Amino acid sequence: MNVLIPSALQSYTGAAEVEAHGGSLAELLEDLDARYPGIRFRMVDEQDRFRRHMRCFVNGAQVYDLGMALLPGDEVIIIQALSGG
Amino acid sequence: MSELALLVATRKGAWIYRSDEAREAWHAGGPHFLGHVIHHLVLDPRDRRTLLAAAKTGHLGPTIFRSTDLGHSWSEASRPPAFPKAAEGETGRAVDHTFWLTPGHPSEPGVWYAGTSPQALFRSEDGGDTWDGVAGFNDNPAYVGKLGGTQDGTPDGAKLHSVIVDPRDANHLYLGMSGGGVHESTDRGESWAKLIDGMEVVAGFDAAQWAFHDPHCVAICPSNPDRLYQQNHCGIYRIDRPSNLWQRIGRAMPAEVGDIGFPIVVHPRDDRTAWVFPMDGTDVWPRTSPGGQPSAYVTRDGGKSWQRQDNGLPRGGAWWTVYRQAMANDALDPVGLYVGTSSGAVWASTDEGESWRPLAEHLPSIYAVETAVLA
């Protein structure tokens, strides 16, 4: 499925949109990490929590649970929160 | 003639300045990792090639970057410092940032130590590519639950810092915690003992409790590894091992300046000489140069007396701070001193602090300054 990648993580992917697969958000992130080593830990901590200023939306709804099931064709958007300075 | 490097880590990237031993003309390299928070940038003195950077950004999690060509190219650690995944139903810890990097003993090439916030100790055996927690510390029942979280300490979490390897013995380690005091291991981190006797704490707290102690920076004397100096939240100290008693040598500082600060550095060949850079620790703790008049202070008699060294530094109106990792020395003769400020300037002295001149200006807020001799 299509995954939108924020600018801060495009040093890993080289692109703003990439293809990745998984039956759950956790599997999708594992697949992303296999394709782009290191990317997962930058957005999800070692306790499987999205980092404080990272957000994930699936089909327009914000998701917190990595166990959420995904279906082929779902749109996953990873973004940076509007924060910083 | 050797080439020197000054490794400057800032809130928004890193810069590398290079000079010959004259230390007169410095050539800037960078920015590296522009926009990334770089807490520490350290060159491995054992191979004089491997450079590690402790990095995160405002949004992205913490990691370690590694270079073997002085920053021309970087690779990311394949397993950065991270806590184990907690058991189901338990709240596990997560590394917010790696704060401190220390190369291991010369007899252990490839070994590095890292101190993090929340306070924990990690070790790499492969030059910084993969990291594991030092279980004898991180999982020690005496420490677990008392090491703080990202909401503790100042300003973004209590920090484990000043990881020191005894140059005579790879098994002999010290560390400092901004929320936890000084601790020592003689078995390469398998077990630890507090080393806080004589250290003072904020009024009203119990000095016998290690968690109330706030060492800011600890340094071991290369010329006499039995002697350590410490700049603490509550004064300047010296200890001469095997004694376990810290002596508050900051009492000899001028009363109007006090003995509060973040950094302390020691002379590479003279264990009686150390430098501090005091800050204002009164009432609400501005942590700026006292009176807006920054100055280093040097002792050349082990702390019996201190002399002000402000020649060349601003005479007033300079309300900046020098963080605990932002003062460094080289090993030349006379010793060079380097200070990075929260206002983004680097000041340098090539005469052991007798005079200062600006080496760089207009950088982001400087977190750390280290020196290195290049291969």
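Predicted, not measured: the structure shown is a model, and the values here were computed from it. Just so we're on the same page: letters track the sequence lines, and every chain starts at 1.
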- Query: Which residue out of R93(B), K85(B), K56(B) racks up the most heavy-atom pairs below 4.5 Å with chain A?
  - Reply: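 Most heavy-atom pairs within the cutoff with chain A belong to K85(B).
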Greatest number of non-hydrogen atom pairs under 4.5 angstrom with chain B, of Q47(A), H53(A), M54(A), Q80(A), falls to Q47(A)
Side-chain H-bond candidate by donor/acceptor type, [X] with [Y], under 3.5 Å:
X	Y	result
Q10(A)	Y12(A)	no
Q119(B)	H161(B)	no
E75(A)	N2(A)	no

Turns out that what part of F50(A) lies under 4.5 Å from chain B's heavy atoms comes down to neither
### Task
Indicate the ring-plane relationship of Y367(B) and Y323(B), choosing parallel, tilted or perpendicular according to the 30° and 60° boundaries.
perpendicular
TODO: Give a yes or no on whether the ring-centroid distance for H40(B) and W100(B) is below 6.0 angstrom.
DONE: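 Between W100(B) and H40(B), which both carry aromatic rings, the centre distance is below 6.0 Å.
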Original post:
Does any heavy atom of chain A fall under 4.5 Å from the side chain of P62(B), the backbone, both, or neither of them?
Top reply: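 Both backbone and side chain.
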So, the part of S78(B) with a heavy atom under 4.5 Å from chain A: the answer is neither
